Amino acid sequence: MPIVQIEALPQAPGVDVAQALRTLCGQVAELLGEEPSGTWATWRTVEHYVEGSDGPATQPVSTHPPIVRVIAYEGRDRGRVAELLVRTAEVLAHELRLEDGNVFVLYDEAQPGRLYTGGEVVGR
């Protein structure tokens, strides 16, 4: 049940954001050994993104990394979480035509009783 939320500047011409999300969902599901339909991804294009005093109108390849938040149910060991962080960053850098390392990824765990999905509160 991972959910990947991405916020980024408008992308360069020719970058297919929808395809990037499909590829990312497939890669995350594969890594976790889950069905692809259980991995969700959303994209928000931000109008203003300033790094220091630099505020470009479109996504630079080496600065202003897309900000990614992965939300998943707790219980994965640190090694698996690290793999997920790296895979997410690598896939997005490749799909968005960014320099390696120009993606910021945060992993948040949903705890029992603090997640509603499928008609119920999970782990309560």
Side-chain angles (χ1 to χ4, degrees):
M1 174 240 74
I3 299 168
V4 183
Q5 300 173 325
I6 304 165
E7 293 186 358
L9 285 164
Q11 298 301 294
V15 171
D16 187 341
V17 170
Q19 182 57 47
L21 295 180
R22 285 189 291 275
T23 300
L24 180 61
C25 284
Q27 290 290 311
V28 167
E30 178 183 303
L31 176 70
L32 298 178
E34 298 182 358
E35 291 295 319
S37 62
T39 300
W40 308 336
T42 62
W43 180 281
R44 287 194 180 102
T45 299
V46 295
E47 185 177 341
H48 301 286
Y49 182 171
V50 176
E51 186 176 298
S53 62
D54 185 21
T58 59
Q59 179 69 57
V61 298
S62 62
T63 64
H64 299 76
I67 300 170
V68 183
R69 180 176 179 213
V70 179
I71 305 167
Y73 197 66
E74 73 174 4
R76 292 187 175 86
D77 64 54
R78 285 179 170 231
R80 183 60 54 155
V81 171
E83 288 179 81
L84 178 60
L85 293 169
V86 170
R87 176 84 54 98
T88 299
E90 289 175 346
V91 167
L92 286 174
H94 178 265
E95 293 292 319
L96 302 178
R97 302 178 191 159
L98 305 176
E99 286 185 4
D100 291 341
N102 194 33
V103 179
F104 178 91
V105 187
L106 171 69
Y107 186 86
D108 281 336
E109 287 188 329
Q111 299 174 356
R114 295 178 182 249
L115 171 70
Y116 177 90
T117 187
E120 65 183 17
V121 176
V122 178
R124 125 166 112 144

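Please read all numbers here as calculations on a predicted model, not as lab measurements.
Of all non-hydrogen atoms in V28 and P2, the two that sit nearest each other are CG1-CG, 3.8 Å. The nearest pair of heavy atoms linking Q59 to A8 is OE1-CB, 4.0 Å. Scanning both residues, A41 and L21, for their nearest heavy atoms gives CB-CD2, 3.9 Å. For E95 against A20, the heavy-atom pair with the smallest separation is CB-CB, 3.6 Å. Nearest approach of P65 to E51, heavy atoms of both residues: CD-OE1, 3.6 Å.
Across I71, V68, D108, a single residue satisfies side-chain contact (heavy atoms from CB on, under 4.5 Å) together with Q5, and that is I71. Considering T88, V91, L84, T39 in turn, V91 is the only one that fulfils the side-chain contact (heavy atoms from CB on, under 4.5 Å) rule with Q27.
Residues V105 and V70 form a side-chain contact, since some pair of their non-hydrogen atoms from C-beta on lies under 4.5 Å apart. The shortest distance between side-chain heavy atoms of L98 and P66 falls below 4.5 Å.
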Report the C-alpha separation of Q11 and L96 in whole Å, then their side-chain angles, then the decisive distance to 0.1 Å, and conclude whether the side-chain contact (heavy atoms from CB on, under 4.5 Å) test is met.
CA-CA 7 Å; Q11 298 301 294; L96 302 178; 3.6 Å; yes

Verify side-chain contact (heavy atoms from CB on, under 4.5 Å) between I6 and L24, making sure each step is shown before the conclusion.
CA-CA 11 Å; I6 304 165; L24 180 61; 4.1 Å; yes

Evaluation steps, side-chain contact (heavy atoms from CB on, under 4.5 Å), between V122 and T117
CA-CA 7 Å; V122 178; T117 187; 3.7 Å; yes

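Cluster annotation: I3 and W43 are assigned to distinct hydrophobic clusters (Ile/Leu/Val/Met/Phe/Trp/Tyr, side-chain heavy-atom contacts under 4.5 Å, transitive). Under the 4.5 Å side-chain heavy-atom criterion for ILVMFWY residues, a single connected hydrophobic cluster contains both L31 and V81. Clustering ILVMFWY residues whenever any of their side-chain heavy atoms sit less than 4.5 angstrom apart, transitively, puts F104 in a cluster other than the one holding L85.
Salt-bridge annotation for E83 and R80: present, with a side-chain N of the basic residue lying under 4.0 Å from a carboxylate O of the acidic one. A salt bridge links R76 with E34: at least one charged nitrogen is closer than 4.0 Å to a carboxylate oxygen.
A donor-acceptor contact shorter than 3.5 Å is absent between the side chain of Y49 and the backbone of T58.
With values rounded to the nearest 0.5 angstrom, Y73 atom OH is found 9.0 Å from Q111 atom CD. The line from CE of M1 to CG of L32 is 10.5 Å long, rounded to the nearest 0.5 Å. E74 contributes atom CD, which lies 10.5 Å from atom CZ of R114 (distance to the nearest 0.5 angstrom). Note that the NE2 atom of H64 and the CG atom of L9 stand 6.5 Å from one another [nearest 0.5 Å]. Here CD of E7 is found 10.0 Å from CZ of R69. Values are rounded to the nearest 0.5 Å.
Within a 6.0 Å sphere centred on CG of D100, heavy atoms belonging to other residues, nucleotides or ligands number 12 at most. More than 12 heavy atoms of other shown residues, nucleotides or ligands fall within 6.0 angstrom of atom CD in Q19.
Judged purely by distance below 3.5 Å, without hydrogens or angles, the side chains of W40 and T42 never pair a donor atom with an acceptor atom.
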